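Chain identifiers are assigned alphabetically (A, B, ...) following the order of the sequence lines, protein sequences preceding nucleic acid strands; residue numbering begins at 1 within each chain. Bear in mind that the values here come from a model prediction, so they are computed numbers and not experimental data.
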Protein chains: 2
Amino acid sequence: MCDNRCMASRSTRYRDTSGKALTDYPRPSVAVDTAVLSVSPDDQLCVLLVRRAGTHKRGAWQLPGTFLHPGETLGRAALRALSDKAGVTGLAPVQLAVFDDPDRDDRGWVLSAAHLDVVPWDRVAGLGALADGVQVTPVSQSRGLAFDHDRIVDLAVIRLRTEYQQSPDPRGLLGDPFTLLQLQRLHEAVAGEPRRKDSCRRLRAPTLEPTGGVLEGVVGKPARLFQHREPQRQLGGGHG
Amino acid sequence: MCDNRCMASRSTRYRDTSGKALTDYPRPSVAVDTAVLSVSPDDQLCVLLVRRAGTHKRGAWQLPGTFLHPGETLGRAALRALSDKAGVTGLAPVQLAVFDDPDRDDRGWVLSAAHLDVVPWDRVAGLGALADGVQVTPVSQSRGLAFDHDRIVDLAVIRLRTEYQQSPDPRGLLGDPFTLLQLQRLHEAVAGEPRRKDSCRRLRAPTLEPTGGVLEGVVGKPARLFQHREPQRQLGGGHG
DNA sequence: GAAATAGTGTCTTTGAGACAATATCCT
DNA sequence: AGGATATTGTCTCAAAGACACTATTTC
């Protein structure tokens with residue numbers, strides 16, 4: 001597979017077909033901006049925002065992002081940004097799209113590789129103790145972000161919805177023993193519209209693993225408990 | 001929307017939160033590699049390949065690509081690469097994914113923004129006169145490409161199939177007056193498996209515009225002619 | 001009339017949506 | 001018992017698949 005890669009040392013200045021050396025080309029900065037989505041305990045689809053540096057006006061909020069470092073993958077850069085800018089430990093960022101308008105950033109030529117990460121609520125706002133300059137807002141109230149970050153949020157929500165149409169809880173937002181009603185509430189939060197009790201139930205239940213236990217201590221017939229069939233995903237599925 | 005963008009001139013060296021100037025960061029080269037897919041007259045799904053510069057061994061073929069130039073969109077760079085490297089006029093490249101393995105290119109740190117373009121056959125191999133070092137091969141025989149281009153072809157085919165599951169001919173591979181049998185053949189080529197005559201017909205016909213004309217001069221009952229409802233897409237839908 | 005291709009009638013299956021009835025628990 | 005919630009029975013409807021039949025042309 002790499003038979004002709006090993007024939008030259010790393011420092012050689014290769015030339016492309018036009019005869020120009022690789023390092024002669026002007027290169028863009030590559031930013032990684034991530035929409036971290038989660039569902040709050042009151043079933044609201046929320047996004048993680050950070051205050052834009054050096055401003056307190058409108059457009060003062062944006063998605064956590066950073067510039068890609070040498071030797072780093074986009075996914076790692078996304079996780080680093082979440083940790084550094086928001087104090088949040090991400091899970092498995094996936095690429096959404098590259099925003100490539102040459103004028104999209106007034107600091108210069110910056111491409112933005114937009115990402116989506118989905119994390120359980122207690123991981124993003126667990127103790128109610130968010131760092132300063134960090135907030136988690138319902139996506140419906142997140143309009144007016146800096147740069148083109150509104151559009152990134154749009155893409156992220158669309159992507160999340162299509163993922164959750166395919167399987168019950170692909171991103172493990174729920175956490176292991178859960179009832180079918182909790183699953184229904186989650187889907188309503190993600191889709192942004194109500195779901196029929198029985199439709200949702202019949203569609204998803206066959207693909208879930210019943211624990212055998214039931215939810216106790218509440219009024220009404222106790223709900224059966226279920227768990228995920230397959231382990232939730234961690235980082236590692238990026239496009240190398 | 002951009003109220004606070006106009007407050008500073010373009011040459012100012014902005015600093016991010018860590019205090020580092022934008023131009024101080026090492027930046028990757030950004031390549032744009034495009035899988036151009038088409039369907040041959042004998043109903044084979046094909047991909048456009050170019051010979052890798054300076055080699056005649058295995059792995060000698062690759063997708064046409066180039067480095068992104070300043071002020072240029074990814075889509076424009078993809079079209080430029082098709083024109084310069086293969087002498088082909090592309091149509092509407094769409095992003096597939098960014099390949100970001102730091103070691104994926106032995107020339108250095110190169111990200112690849114993989115694209116898909118779909119063009120009618122006569123546009124890619126019209127006169128049978130392909131430029132030297134250019135070929136159009138069935139995708140099934142395209143294995144062993146340079147870099148990670150095999151995976152780009154895989155992504156492109158998957159994407160094309162999902163697009164063609166949604167509507168009859170979203171990329172205008174057919175060209176305006178066509179019969180339902182031609183449409184069926186096209187879908188079989190894209191999907192790589194046979195389709196029922198009546199299913200295919202009943203599913204797609206209602207969304208097509210009959211021209212009123214029929215195909216003449218062939219034995220059997222003459223087939224009705226159809227045309228596309230909406231104009232085919234050109235470049236312009238990129239993520240700004 | 002025979003061959004060849006286009007187009008349709010209809011049966012079956014599947015899956016989702018909707019409504020309502022039944023089951024089981026807590027207080 | 002009574003309220004509250006979970007679970008299931010069943011009807012309907014729409015879409016797709018499969019098969020076979022009918023229709024219209026050329027030779």
Side-chain angles (χ1 to χ4, degrees), chain A residues 41-43 160-170 174-229, chain B residues 39 41-43 161-170 174-229:
Chain A
D42 60 326
D43 299 309
L160 184 71
R161 285 181 180 158
T162 65
E163 281 193 21
Y164 270 79
Q165 278 171 4
Q166 323 252 338
S167 68
D169 186 16
L174 225 36
D176 235 354
F178 57 88
T179 73
L180 290 178
L181 183 58
Q182 289 175 305
L183 184 65
Q184 178 186 347
R185 293 274 150 73
L186 172 62
H187 273 88
E188 289 175 334
V190 168
E193 57 185 31
R195 289 273 174 268
R196 304 275 156 186
K197 178 171 58 171
D198 45 3
S199 309
C200 185
R201 180 174 298 258
R202 256 185 280 257
L203 183 58
R204 309 299 183 179
T207 72
L208 295 174
E209 190 77 30
T211 69
V214 293
L215 190 64
E216 298 182 17
V218 292
V219 346
K221 180 171 175 176
R224 285 186 300 168
L225 290 175
F226 293 84
Q227 60 192 11
H228 295 97
R229 268 258 163 78
Chain B
V39 172
D42 59 326
D43 299 307
R161 285 181 180 158
T162 64
E163 280 192 22
Y164 270 78
Q165 279 171 4
Q166 323 251 339
S167 67
D169 186 16
L174 225 36
D176 236 355
F178 57 89
T179 73
L180 290 178
L181 182 58
Q182 289 175 304
L183 184 65
Q184 178 185 347
R185 292 276 150 72
L186 171 61
H187 273 88
E188 290 175 334
V190 168
E193 59 185 29
R195 290 274 174 266
R196 304 274 157 188
K197 177 173 61 170
D198 46 3
S199 309
C200 186
R201 182 173 297 257
R202 257 185 277 258
L203 182 59
R204 309 299 184 178
T207 72
L208 295 173
E209 190 76 29
T211 69
V214 293
L215 191 64
E216 298 182 17
V218 293
V219 352
K221 180 172 175 177
R224 285 187 299 170
L225 290 175
F226 293 85
Q227 60 191 11
H228 295 97
R229 267 257 164 79

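The two residues His187(A) and Pro168(A) come nearest to each other via the heavy atoms CE1-O, 2.8 Å. For Asp43(B) against Ala189(B), the heavy-atom pair with the smallest separation is O-CB, 3.6 Å.
Residue Leu225(B) is tested with Thr211(B), Val214(B), Leu208(B) for a side chain to side chain contact (heavy atoms under 4.5 Å, CB included); the sole match is Thr211(B).
Between Pro194(A) and Glu188(A) there is a side-chain heavy-atom pair separated by less than 4.5 Å. Taking 4.5 Å as the limit, some side-chain heavy atom of Asp169(A) sits within range of a side-chain heavy atom of Tyr164(A).
Contacts between chain B and DNA chain D, taken as any atom within less than 4.0 angstrom of a protein heavy atom, begin and end at dA16(D) to dT26(D).
Within 6.0 Å of CZ in Arg204(B) there are more than 12 heavy atoms belonging to other residues, nucleotides or ligands.
The CD atom of Glu209(B) lies 6.0 Å from the CD atom of Gln227(B); values are rounded to the nearest 0.5 Å.
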Open item on the list: How would you summarise protein contacts on nucleotides 6-15 of chain C per nucleotide, using B for base, S for sugar-phosphate only and - for none, with heavy-atom distances below 4.0 Å?
Closed with: BBBBB-----
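Among the protein residues, Val214(A) comes within range of no part of the nucleic acid, since none of its heavy atoms lies under 4.0 Å from any strand.
For Arg195(A), the salt bridge (charged side-chain N to carboxylate O under 4.0 Å, His left out) criterion is met by Glu193(A), not counting sequence neighbours.
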